[in-house]
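Notes follow the structure.
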Amino acid sequence: MTTSFDPNSIPDWPNPVVRLTGGDTVEVDGFTMMLPQGLNDAEARRWAVQTVAQKYARLGRAIRVTAIEADGTTIPLIVHKDGTVEPRPVEAAEKGRFRRSRPRSTTAAQPKGNGTDAAAQGKSQAKGLIAAGVFLGVIALAAVVILNAGGHGDPTQAPNSPASSPVTAAASTPPPANLPVPAPNGWTTRAAWAVPLSSQVTPAVADDGTTAVLTDQDDLAVLNPATGVTEWTVGVPDGASGSLVFTRIDGQRVVALTVGQTLHYWQLTGTEHQHTAVDLPGSGVVSFLGGSPLVSLPDATAAVIANGKIHTLDLPVGATALAADEQSVLAAVPSGRWWWLRAGHSAGKGHKMAAPAKNTKLSSVLGIDDTRIAGVWKNGGTTYVTVYAAASGKRLATARTSGDPSELAVRSSGDLVAVGPFVLDTKTGKTNVVTGTTPHAAVGDRIYAQDQLQQWHALDASNDIPLSGENVAIPLGIADGRALVVADKLGKKLLYALSRGDDPDPGADSSGEVVAPEPPGQNR
């Protein structure tokens with residue numbers, strides 16, 4: 001570190017927060033961690049800054065750190081790449097922060113000019129350093145050790161990856177918590193762990209259990225599903241909302257998030273978790289039914305994403321793009337013909353839907369994913385739903401019912417496909433029709449649907465299991481044998497990891513109620 005260093009040159013990201021609670025926990029970068037036993041306040045500060053230093057050492061540069069004492073005192077700091085720590089000048093209000101000049105070294109020349117002004121300036125600087133001095137006095141040497149001698153400052157490692165931030169599970173596993181609403185049948189309401197989330201973005205859970213969330217500090221974090229521990233984290237652009245999605249681009253698994261008309265995605269593998277931002281056309285709508293993002297456009301066109309850019313391709317006249325897989329697009333026309341299209345390649349004849357029964361007429365074509373497509377057929381008062389293999393045109397399963405279901409929302413998970421009240425197993429060919437239900441989620445081997453009375457049902461191709469309670473938490477996915485659900489508690493949104501088992505229903509044996517006592521004097 002040199003005296004010519006300009007603190008205003010430090011990028012805004014990252015700016016981790018170390019919050020001391022005065023108890024047996026500390027918040028580091030938005031996550032509550034249990035402190036090792038027996039630490040005093042000074043040792044707690046040191047432990048917290050060590051954790052931050054380990055996490056961001058790979059950047060190889062100075063970073064901003066905000067320390068917050070248990071009494072609420074906020075101390076802006078700078079942690080340099082050589083491990084030294086110093087108070088950070090507060091920045092300009094027009095940037096959303098206060099700004100002041102960097103405190104001078106005690107050996108530096110005194111400023112020229114009015115002696116009263118110089119004395120006032122010195123008093124102001126001294127006052128600003130008092131709180132920081134207490135904090136810095138107990139962490140500076142520790143930070144040097146971690147960044148330079150601990151071996152965790154390898155700039156090739158991703159932040160908070162197992163290689164660059166070996167935080168023990170006992171110190172960083174989020175605590176267990178009670179789910180504030182009924183759990184889905186087969187799961188307990190006592191969560192093994194729970195973490196706070198952004199209220200604006202829904203987490204994503206991949207089939208292999210990989211879990212991504214936007215934290216309550218608005219950082220993207222990938223969690224270990226067994227423990228809830230953050231494996232790595234990165235900042236995201238302001239204004240993020242919607243849902244995180246796992247998808248595939250350029251042959252790499254990524255986690256994606258749409259912010260306005262820009263698609264942002266981060267590689268899951270590697271050490272840097274490379275970030276790419278792709279501006280979408282103003283008329284484009286991105287969807288993720290297939291293995292890769294699909295951008296639907298007007299004028300018989302669609303687009304895929306490759307090498308960080310939008311690549312458009314033409315559709316047959318009257319066709320609708322349904323899903324994408326890398327640079328190929330699945331598109332269909334209302335007559336029941338569909339193609340896999342790729343820019344620069346002939347569309348060919350494609351595939352044609354075969355009718356499920358005589359005298360049936362195709363009513364509509366529905367996209368499922370990049371492996372299956374569905375057709376809704378009618379014959380008088382009977383409705384058929386048939387699912388076809390997108391690659392070969394083979395019929396995989398057909399279900400039928402009397403009447404004309406008006407709601408045909410599509411959800412799928414593994415071999416199960418739900419089309420309105422129809423549930424089809426595309427591996428065995430078994431089907432189930434639960435009249436009046438609308439599917440809302442598909443997780444593992446269950447379709448979660450609501451009936452006309454808002455009662456939840458867990459469905460498969462053979463069973464209909466009504467769920468207890470109206471406000472049931474519906475799983476986002478299954479990870480490491482646990483159901484991950486989101487629920488609000490005391491004004492905060494949390495992700496809960498539920499274990500298998502059945503909690504007793506406290507109201508199962510009684511139709512009465514429990515009445516809390518009135519405060520003294522209420523009836524006087």
Side-chain angles (χ1 to χ4, degrees), residues 158-163 165 169 172-174 184 186-187 191-195 197 201-215 219-234 242-257 264-276 287-294 305 323-326 368-372 390 411-418 425-427 441-448 458 460 473-486 495-500:
N160 213 24
S161 67
S165 182
S172 56
T173 300
W187 303 94
W193 53 262
V195 296
L197 304 175
V201 176
T202 302
V205 183
D207 291 340
D208 65 357
T210 304
T211 303
V213 305
L214 198 69
T215 71
D219 289 328
L220 170 63
V222 171
L223 309 180
N224 181 324
T227 63
V229 174
T230 299
E231 295 185 340
W232 56 269
T233 182
V234 295
S243 299
L244 290 166
V245 180
F246 289 111
T247 186
R248 190 174 61 253
I249 299 175
D250 296 331
Q252 300 286 330
R253 290 185 69 211
V254 302
V255 57
L257 178 65
H264 297 264
Y265 57 92
W266 295 262
Q267 289 187 7
L268 293 175
T269 57
T271 57
E272 294 298 325
H273 303 294
Q274 179 179 339
H275 166 238
T276 304
S287 61
F288 301 90
L289 285 182
S292 302
L294 168 69
I305 296 172
D325 183 19
E326 295 288 359
I368 298 174
D369 50 33
D370 56 2
T371 64
R372 294 165 297 190
R411 297 292 185 272
S412 65
S413 175
D415 298 320
L416 280 182
V417 175
D425 188 322
T426 57
K427 182 177 181 179
V443 179
D445 58 357
R446 290 289 185 269
I447 302 292
Y448 292 92
D460 61 21
I474 300 303
L476 293 173
I478 308 298
D480 196 58
R482 294 191 172 100
L484 301 186
V485 304
V486 172
L495 178 68
Y496 296 84
L498 309 182
S499 301
R500 293 190 182 276

(message) As an exercise, state the distance from CD1 of I474 to CZ of R446, rounded to the nearest 0.5 Å.
(response) 12.5 Å

(message) Nearest 0.5 Å, please: how far is CG in D480 from OG1 in T210?
(response) 11.0 Å

(request) For residues F288 and A256, report the shortest heavy-atom separation together with the two atoms involved. (result) CE2-CB, 4.3 Å

(request) Answer yes or no: is there a donor N or O on one side and an acceptor on the other, between the side chain of R482 and the main chain of A226, under 3.5 Å? (result) yes

(request) State, to 0.1 Å, how close S292 and T247 come at their nearest heavy-atom pair, and which atoms those are. (result) CA-OG1, 3.2 Å

(message) Measuring only between side-chain heavy atoms, which start at C-beta, is V486 closer than 4.5 Å to L476?
(response) yes

(request) Indicate yes or no: at least one non-hydrogen side-chain atom of H273 is less than 4.5 angstrom from one of V222. (result) no

(request) Say whether, by atom type as modelled, one donor and one acceptor occur between the side chain of D370 and the main chain of G291 under 3.5 angstrom. (result) yes

(request) Please round to the nearest 0.5 Å and tell me the distance separating atom OG1 of T211 and atom CD1 of I478. (result) 10.5 Å

(request) Search all heavy atoms of L484 against all heavy atoms of V205 and return the closest pair with its distance. (result) CD1-CG2, 3.7 Å

(request) List the steps, then state whether side chain to side chain contact (heavy atoms under 4.5 Å, CB included) holds for L223 with L495. (result) CA-CA 11 Å; L223 309 180; L495 178 68; 4.3 Å; yes

(message) If you apply the rule side chain to side chain contact (heavy atoms under 4.5 Å, CB included), what do you find for H275 with V234, and how did you get there?
(response) CA-CA 9 Å; H275 166 238; V234 295; over 6 Å; no

(message) Using side-chain heavy atoms (C-beta onward) and a distance below 4.5 Å, is P184 in contact with L498?
(response) yes

(message) Looking at D207, I'd like to know if its CG atom is crowded, meaning that more than 12 non-hydrogen atoms belonging to other residues, nucleotides or ligands lie closer than 6.0 Å.
(response) no

(request) Can you measure from OH (Y265) to CG (L220) and round to the nearest 0.5 angstrom? (result) 15.0 Å

(message) Assess the residue pair I368 and T426 against the criterion (side chain to side chain contact (heavy atoms under 4.5 Å, CB included)); give the C-alpha distance rounded to whole Å, side-chain angles, the decisive distance to 0.1 Å, and a yes or no.
(response) CA-CA 12 Å; I368 298 174; T426 57; over 6 Å; no

(request) State, to 0.1 Å, how close W193 and P225 come at their nearest heavy-atom pair, and which atoms those are. (result) NE1-O, 3.3 Å

(message) To the closest 0.5 Å, what do you measure between OG (S413) and CD1 (I447)?
(response) 6.5 Å

(request) Apply side chain to side chain contact (heavy atoms under 4.5 Å, CB included) to the pair D460 and D425, showing each step before the final yes or no. (result) CA-CA 8 Å; D460 61 21; D425 188 322; over 6 Å; no

(message) Just verifying a value: how many Å separate L268 CG and R248 CZ, rounded to the nearest 0.5 Å?
(response) 12.5 Å

(message) Contact between W266 and Q274 at the side-chain level, heavy atoms closer than 4.5 Å - yes or no?
(response) no

